[in-house]
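Values below: all heavy atoms of this structure, side chains included; hydrogens, waters and symmetry mates excluded.
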Amino acid sequence: MVADPGGRCGLSPRMAVRRTPDTPGFFMAFALTGELDTSSIPTLCDATSEVLAEGSRHLIMDLSAVTRCDNATFYTLLGMRDAIHQAGGSLTLANPSRCVETALSRSAVRDQLPLRDIPASSPPYRYPAARAKSPAR
């Protein structure tokens with residue numbers, strides 16, 4: 001999925017969202033590339049809604065290739081986290097780029113959106129913050 005805010009033909013997209021794995025699963029990872037701001041949030045929300053509808057419940061967003069983000073993005077991510085939680089899942093923000101770390105350090109919500117470093121080679125089911133709860137015995 002690729003965002004092209006305003007449908008500006010001929011210009012490169014400002015944000016791309018790549019799903020891993022490509023097929024639906026209980027765990028899903030998004031690799032975000034480019035600018036994560038108010039103009040690209042609808043694409044991210046659509047992608048999140050799509051994977052939740054497919055049955056994914058634990059979402060990891062890899063932010064290592066984000067080149068720009070704004071404060072409004074963090075409030076949107078808080079809302080997404082709450083919606084995913086209401087659906088019985090979790091949202092993990094992983095591998096923040098320098099610009100994400102800087103922007104979040106200046107945000108009032110910095111303590112509400114913890115960031116994690118997760119090796120890119122780890123399959124989603126091994127991500128520590130995204131483990132499914134064991135059934136009670």
Within the 4.5 Å heavy-atom criterion, are [X] and [Y] side-chain neighbours or not?
X	Y	value
L78	L113	yes
H58	M28	no
T92	M61	no
C45	M80	yes
V51	F30	yes

To the nearest 0.5 Å, what is the distance between CG (D70) and CD1 (I41)?
7.5 Å
So, for A65 and L32, which heavy atoms are closest and what is the spacing to 0.1 Å?
CB-O, 3.5 Å
Between C69 and C99, what is the shortest heavy-atom contact and its length?
SG-O, 4.0 Å
Hydrogens and angles aside, do [X] and [Y] bring a side-chain donor and acceptor to less than 3.5 Å of each other?
X	Y	value
T43	D46	no
D37	T73	no
S105	R110	no

Evaluation steps, side-chain contact (heavy atoms from CB on, under 4.5 Å), between R68 and M15
CA-CA 10 Å; R68 180 183 181 280; M15 184 190 69; over 6 Å; no
For [Y], does its backbone N or O pair with a side-chain atom of [X] as donor and acceptor, under 3.5 Å?
X	Y	result
N95	I118	yes
T76	A72	yes
T102	R98	yes
R18	A29	no
S97	T67	no

Test salt bridge (Lys or Arg N to Asp or Glu O under 4.0 Å) on E54 and R19; report intermediate values, then the result.
CA-CA 13 Å; E54 292 171 352; R19 295 169 48 145; 2.7 Å; yes
Sole residue of L104, L36, L93 in side-chain contact (heavy atoms from CB on, under 4.5 Å) with F74
L104
Exactly one candidate in L77, L91, L59 meets side-chain contact (heavy atoms from CB on, under 4.5 Å) with T48; the answer is L59
Walk me through it: do S90 and R57 pass the test side-chain hydrogen bond (donor to acceptor under 3.5 Å, both in side chains)?
CA-CA 7 Å; S90 64; R57 287 297 173 259; over 6 Å; no
